[in-house]
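See below for the structure under consideration.
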Amino acid sequence: MARASSNFVCQSCGAATSKWSGRCESCGEWNSIVEEEPLSTGPAGKVLGNVRGRSAKLVDLSHPEDPPPRTACAISELDRVLGGGLVPGSAILVGGDPGIGKSTLLLQAAAAFAKSGLSVIYASGEEASAQVRMRARRLGLEQAPVRLAAETNLRDILTTLEKEKPQLVIVDSIQTMWSDNVTSAPGSVAQVRAAAHELTSFAKSRNTSVIMVGHVTKDGQIAGPRVVEHMVDTVLYFEGERGHQFRILRSVKNRFGPADEIGVFEMTGAGLSEVGNPSALFLSERGTPAPGSVVFSGIEGTRPVLVELQALVAPTPHSQPRRSVVGWDGSRLAMILAVLEARCGIPFAGLDVYLNVAGGMKISEPAADLAVAAALLSAREDVALPPETVVFGEISLSGALRPVAQSENRLKEAQKLGFSTAILPRGGKAKAKGMTLTEMPDLATVVGEVFGAG
Ligand code: TYD
Ligand code: MG
């Protein structure tokens, strides 16, 4: 039986219950509920809003303080993802797989912001100061005016910060920090939540920016409760495939700038270097156009980015054909296969389908529908598109094509990279001088006119 003083909290969504159960009622996750010490509550027995409370400081909405003064650093890809530089007093969470390069990125960021004039402390709970210095030497940053602390006790860290009053603190990682107010082990939900809460409150009250590193679980979420993501102002994910040198810093939440903005980096022997023109990089591995390969002109945040989609369609030896996707949504692929089958008479039964976004990119735009369909058709019919062709457009369940936002920017980017033809939905008003635009009303027309099938 649950003790009256205990509290059971879901690791995944942070919902609290009074008794343990195998499945969280609120998010449906299995085996995610653990027992925790209850959070301290205020004095019991009195209604809130009595004389004991302090009244909050009120300011007018029209207070002339805004916009917040931001600090930009020399890493412009990072500045853009932050929404144009670092906002003082902001709390930022950077998540990513182990070994993807979070510590490398943040050490470089620490040095860059220090060079821009901020006082910076880098607190590492994972590596000793000597190890961080060794990394700095390797990155050519040993002269940067950054101070290091190898510390895991939150109380000691906060005491240090109170004394030193830095403008930026980097905490690597939130999972290694422990607060002696909380009895559970470092890395547990209660500890992660307490540490994130303390650091976020510190950021707000002292106007110090705090960047926290968060480890990511196997299914791609920041380990610890989702409530940490709600606490902070900005959540960035550092993504990439181990085998590739590309790394993408993506903002999934940003109170001070656009979400879904990306910064592209390349991991080199001397740390991360910025990629100013990601399209050229993503297409650099493309050989001569083969069946199944299609270039999609996408928009990531505020920028157009060209990426190659690769499809392979092969007869299956199994009764249940495979549908395998890397970098795109599996259910969206199922929808496009269904539209091809139902509206265009192109069956995929008995065929394995593999779809891959080249370079480790992840795409979530519906504008990629038509490019995916084209890649599937091209693979299935064994017909390569002409080499200088880009494709974009959304497909509706009826098989009609819908124009997408920012068509003109997509075309401009394609033209800049030497593409001369675009296949896109009819009805968008995009123009591009010097480019041949093949505007299509529906998917069946694409099947017939571009691939001579159906
Ligand atoms: P790291 O920043 O330690 O990853 P994280 O903090 O996300 O766990 O990066 C680790 C990887 O990066 C490691 O496998 C080696 C590679 N790396 C380079 O390729 N070049 C470099 O200059 C550095 C510092 C690391
Ligand atoms: Mg690290």
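Ligands are counted one by one from 1 in listed order, and the atoms in each one are counted from 1 as well.
- The local environment of CZ in R255 is crowded, with over 12 non-hydrogen atoms from other residues, nucleotides or ligands closer than 6.0 Å.
- Annotation: atom 11 (C) of ligand 1 to nearest protein heavy atom, G99 O, 3.5 Å.
- For the pair C73 and S116, the tightest heavy-atom approach, listed with the atom from each and the gap, is CA-OG, 3.4 Å.
- If you look at L105 next to ligand 1, there are no close heavy atoms at all, none under 4.0 Å.
- Among protein heavy atoms, the minimum distance from atom 24 (C) of ligand 1 is reached at T104 OG1, 3.7 Å.
- Not one N/O/S atom of S173, from backbone or side chain, sits under 2.8 Å from the Mg ion (ligand 2).
- In this structure, L249 and L78 approach most closely via the heavy-atom pair CD2-CD1, 3.6 Å.
- Both the sub-6.0 Å distance and the 45° axial angle are satisfied by R380 relative to the ring of F348.
- Nearest residue to atom 22 (O) of ligand 1 from G140, G101, G95, G271 is G271 (criterion: closest heavy atom).
- Which parts of ligand 1 touch M267 is read off a 4.0 Å heavy-atom cut-off, strictly below it: atoms 12 (O), 16 (C), 17 (N), 18 (C), 19 (O), 20 (N).
- The local environment of CD in Q131 is crowded, with over 12 non-hydrogen atoms from other residues, nucleotides or ligands closer than 6.0 Å.
- Taking every non-hydrogen atom of A270 and a distance limit under 4.0 Å, the qualifying atoms of ligand 1 come out as 22 (O).
- Near L139, meaning under 4.0 Å from any of its heavy atoms, are these atoms of ligand 1: 22 (O), 24 (C).
- There is a protein heavy atom closer than 4.0 angstrom to atom 18 (C) of ligand 1.
- Counting heavy atoms closer than 4.0 Å to ligand 1, residue S103 contributes atoms from both its backbone and its side chain.
- Of the heavy atoms in D97, only backbone atoms (N, CA, C, O) come closer than 4.0 Å to ligand 1.
- The proximity of K102 to ligand 1, defined as any non-hydrogen pair under 4.0 Å, involves the side chain as well as the backbone.
- By the 6.0 Å and 45° rule, R410 stacks over the aromatic ring of F392.
- The two atoms that bring P425 and R402 nearest to each other are CG-O, 3.2 Å, heavy atoms only.
- I262 and E77 get closest at one heavy-atom pair: O-OE1, 4.3 Å.
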